[in-house]
Engineer: 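Could you have a look at this structure, given as structure tokens, before my questions?
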Amino acid sequence: MVIVTAVVLLVMVFVLQRRLIYLPSGQLLTPVAAGVPDAVPVTVRTADGLDLDAWYVPTRRRPAGGVVVFHG
């Protein structure tokens, strides 16, 4: 039974692989549309002159750590 389940799962992943790939739509998502209304959009300039768009979300609690999310 375990082998049959694994084979079915692998076949499904193979058949649906194109749908499982993240392809961005090309439109910019605002923090409010993403459900993060207190996020502040910021732009970070790299040493080679590339502008990276990011959101800064302040914490409500102290002390707090930080989380960096690279979404692709």
Engineer: Just jot down the salt bridge (Lys or Arg N to Asp or Glu O under 4.0 Å) partners of Arg45, sequence neighbours excluded, or say none.
Structural biologist: Asp51
Engineer: Would you compute the distance between atom CD1 of Ile21 and atom CG of Leu16 and round it to the nearest 0.5 angstrom?
Structural biologist: 11.5 Å
Engineer: Sequence neighbours left out, what pairs pass salt bridge (charged side-chain N to carboxylate O under 4.0 Å, His left out) with at least one residue falling in residues 3-14?
Structural biologist: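 Matches after skipping sequence neighbours: none remain.
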Engineer: Can you list the other members of the hydrophobic cluster that holds Val4, where links are side-chain heavy atoms under 4.5 angstrom apart?
Structural biologist: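 Same cluster as Val4: Val8, Met12.
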Engineer: Partners of Val11 by side-chain contact (heavy atoms from CB on, under 4.5 Å), sequence neighbours excluded?
Structural biologist: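 Val11 satisfies side-chain contact (heavy atoms from CB on, under 4.5 Å) with Val7, Val15 only.
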Engineer: Would Leu52 and Thr43 count as a side-chain contact (heavy atoms from CB on, under 4.5 Å) if you check the C-alpha gap in whole Å, the side-chain angles of each, and the deciding distance to 0.1 Å?
Structural biologist: CA-CA 6 Å; Leu52 302 175; Thr43 301; over 6 Å; no
Engineer: Would one find more than 12 heavy atoms of other residues, nucleotides or ligands at under 6.0 Å from atom CD1 of Ile3?
Structural biologist: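 Incorrect, the count does not exceed 12.
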Engineer: Give the table of side-chain donor-acceptor pairs shorter than 3.5 Å for residues 28-41, with sequence neighbours excluded, one pair per line with atom names and distance.
Structural biologist:
from, atom 1, to, atom 2, distance (Å)
Thr30, OG1, Ala33, N, 3.2
Asp38, OD2, Arg60, NH2, 3.1

Engineer: Pairs in or reaching into residues 6-16: which pass side chain to side chain donor-acceptor pair (under 3.5 Å), with residues at least two apart or in two chains?
Structural biologist: none
